[in-house]
Amino acid sequence: MKDETLCLHAGYSPQNGEPRVVPIIQSTTYVYDNIEEVGEVFDDPTKSIIYSRFANPTVMAVEQKIAALEGGLAAMCTTSGQAAILIAILNLCKAGDSFISPIQIYGGATNLFAHTLKRLGIECIFVDCDADEDTLNKAFKPKTKAVFGESLSNPSLTVLDIEMYAKVAHAHNVPLIIDNTFATPVLCKPIDYGADIVVHSTSKYMDGHAVQVGGAIIDSGKFDWKNGNFPDMTDPDVTYHGISYTETYGNSAYIIKARMQLMRDYGVYPAAHSAFLLNVGLETLSIRMERYCQNAQKVAEYLNASDKIESVTYPGLTSDKYHVLAKKYLKGYSGVISCEIKGGRELAVQFINTLKLASIEVHVADIRTSVLHPASTTHRQLNAEQLFEAGISESLVRISVGLEHIDDILEDIHQALNSLS
Ligand code: PLP
C-alpha cells in the first residue's frame, strides 16, 4: 500500500464491533489465567505482553505503522528521539567499541556521542558528512561496530549520500543507522538505499502537532548479524535464559534484543497516551509533508530573492550545495530553512522579534510556523569562534515553515524584513 494509506491503516485493523480509532490501553500490567502461561511469556516475550515498560498494545500499533512506513521488519518506540539513538547504539556497542558519525548532526546527538557515550567507554569517530569513500574507510578502527548519519541533518540541512555510507559500512561488516527525523519516511526511505536501522525523533514531523516527545527505532531485518562481528547477537544472553537472539529470532534479532534486553533494563518506553497522540499525527503525515514542502519551497525562493538576506540554505533551491543529492534521496525537501540576515546578529534578532505569525520556539516541524535564532538559544554557550566552527553564524535564523496559508506566511516575513533598518 502507498504511504497515504499506511498512515491511516497500518498497525490497526479493528474487527467487528471494535473501536474505529486505536484505543488507549492505559494499563501497566496484563492478566493471565494461570502461572504457567505467565512463565511462557517470560521465556518468550514475543508471545504476549506482560508489563508496559517494554510493550503495550497502543504503542505496538504505532510501532507497526512506523515499521510499515519505513519498509522495515519491526519497530520499537521510545520516550524520545534521544532515547532511540541511545538504544540503537547501545544495542551494538559496549565499552571499548566505536562507531562513526558525521559531525553535522543534531546537537543533542553530538553531546550524547562526544561526551555521555565517551564516559561509558564508547568512542564516536566524527567525520565530515561529505567525507568520500576513502576517508570513510580510513576512519574505521578494529572495534568499530556501526556507522550513523542523518538523512537530512538538523540544523545544517546537509543531505547524506546514504548509498555510499551503506556500501562502506557493509564492506566493514557493520550496519548503517540513519536518523530520518527531518525527512520522515514520506520523503525518504533509507532502507531502500541500504540503511539497516532507522531512528526517529517522533516529536517532530511524525507528531507534527507538538503534543508528545517520542522516538522510534526501525529494524530493516536485513543485516547479517552472524558475520562474526556481533557476538552479543549470536552468543547466549545470560540475562535472558541463555538465548541466542539470532538463533531464536532470526532476522528480528536486533529489534528483539533492543526490547528484551535494553528496554527491559533502561525502561524508556512511551506511555500509551503519547503513542495515541503520535498515531493521530501519523494519520496525516503524508499529506502534511506535501504541504510543508510546498510552503517551504516558496519561502526559500522568496528569501533568496530578498536584498535583506545574505544567504539561504534549503536543499530545494537549485543553487543549494545538496540539491543534487537531495533530488536523489528525497521526494521533497521538508519544511526547515535557514537563512542569514544582512547586517549581523542585531538585525537577525530584530527580524525574529518583529514576526507576528511565526512563533519563537525551540522546536521544528510544528504545524505552526516557528522561528529561532540559534546563536542566542540552542548554541548560546558558544563564542564567536565556536559558532563559526559549528557552521552557525550570528545572523543565522532557522525557520520551520508550517501549514498556514502561504500568503500569510510570506506577508509576515515581508513585514518583518521591511522593518529592518
Ligand atoms: N534527531 C534529530 C534529527 C533531532 O532533530 C532531534 C531533536 O531535535 C532528535 C534526534 C532528538 O529528539 P527528541 O527531542 O525527541 O529527543
Side-chain angles (χ1 to χ4, degrees), residues 59 62 66 70 75-90 99 101-117 124 129 148-160 162 165 176-188 190 195 197-218 266-271 274-275 277-278 281-282 285 289 292 296 313 315 322 326 329-330 333-338 361-366 370-372 374 377-379 390-392 398-401:
V59 185
V62 181
I66 293 175
E70 284 289 1
M76 181 176 76
C77 284
T78 57
T79 45
S80 67
Q82 283 291 98
I85 297 170
L86 175 70
I87 299 283
I89 299 284
L90 289 184
F99 65 100
S101 168
I103 190 78
Q104 295 87 351
I105 50 170
Y106 167 59
T110 313
N111 255 332
L112 171 66
F113 293 175
H115 303 292
T116 303
L117 287 180
C124 178
C129 67
F148 177 91
E150 290 179 8
S151 45
L152 175 61
S153 76
N154 176 16
S156 29
L157 304 177
T158 60
V159 178
L160 200 78
I162 303 174
Y165 269 66
L176 175 65
I177 304 171
I178 291 292
D179 183 333
N180 199 28
T181 298
F182 265 32
T184 81
V186 172
L187 302 182
C188 176
I197 311 295
V198 179
V199 292
H200 278 279
S201 164
T202 61
S203 330
K204 304 294 180 299
Y205 289 108
M206 281 193 169
D207 165 342
H209 300 72
V211 289
Q212 62 87 51
V213 171
I217 305 174
I218 302 97
Y266 287 91
V268 285
Y269 202 62
S274 292
L277 293 172
L278 171 58
L282 282 167
L285 180 67
M289 288 318 291
Y292 281 119
T313 303
Y322 292 97
Y329 290 111
L330 306 175
Y333 309 105
S334 205
V336 181
I337 299 171
S338 59
E361 279 175 42
V362 187
H363 188 47
V364 290
D366 195 337
S370 65
V371 66
L372 198 70
T377 53
T378 47
H379 295 69
I392 310 274
R398 188 181 71 185
I399 305 174
S400 172
V401 180

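Just follow the structure's listing: the first ligand is 1, and inside any ligand the first atom is 1.
Remark: ligand 1 atoms within the under-4.0 Å shell around heavy atoms of S203 are 13 (P), 15 (O). Each of the following atoms of ligand 1 lies closer than 4.0 Å to a heavy atom of I85: 10 (C). Within the listing of ligand 1, atoms 1 (N), 2 (C), 3 (C) sit less than 4.0 angstrom from a heavy atom of T181. Close approach of ligand 1 to G214 is summarised as follows: ligand atoms under 4.0 Å from at least one heavy atom of the residue are 15 (O).
Nearest-heavy-atom check against atom 8 (O) of ligand 1 across H363, K204, Q212 picks out K204. The closest non-hydrogen atom to atom 12 (O) of ligand 1, taken over S201, S151, A216, comes from S201. Of the options D179, V199, D207, the smallest heavy-atom separation from atom 1 (N) of ligand 1 is shown by D179.
With contacts defined as side-chain heavy-atom distances shorter than 4.5 Å, the pair Y106/S201 does not qualify. F182 is listed as a side-chain neighbour of L157, based on a closest heavy-atom distance under 4.5 Å.
Closest to atom 5 (O) of ligand 1, if we only count protein heavy atoms, is N154 ND2, 2.8 Å. At the shortest separation from atom 11 (C) of ligand 1 among protein heavy atoms lies Y106 CE2, 3.5 Å. Closest to atom 16 (O) of ligand 1 among all protein heavy atoms lies Q82 N, 2.9 Å. Of the protein's heavy atoms, G81 N, 3.4 Å lies nearest to atom 13 (P) of ligand 1.
Closest approach of I105 to P155, counting heavy atoms only: O-CD, 4.4 Å. Scanning all heavy atoms of the two residues, the minimum distance from Y269 to T79 falls at O-CG2, 3.5 Å. Contact detail for C129 and Q104: the closest heavy-atom pair is N-OE1, 2.9 Å. Residues D207 and Q212 approach most closely at OD2-N, 2.9 Å, considering heavy atoms.
Not a single heavy atom of V364 sits under 4.0 Å from any atom of ligand 1. At a 4.0 Å cut-off, not a single heavy atom of A84 sits close enough to ligand 1 to count as contact.
Within the 4.0 Å heavy-atom criterion, the part of E150 lying near ligand 1 is the side chain and not the backbone.
Among L285, I217, I218, the single residue meeting the side-chain contact (heavy atoms from CB on, under 4.5 Å) criterion with I66 is I218. Among V371, V364, L372, the single residue meeting the side-chain contact (heavy atoms from CB on, under 4.5 Å) criterion with I399 is V371.
Not a single ring-ring contact (aromatic ring centres under 6.0 Å, His included) links Y266 to another residue, sequence neighbours left out.
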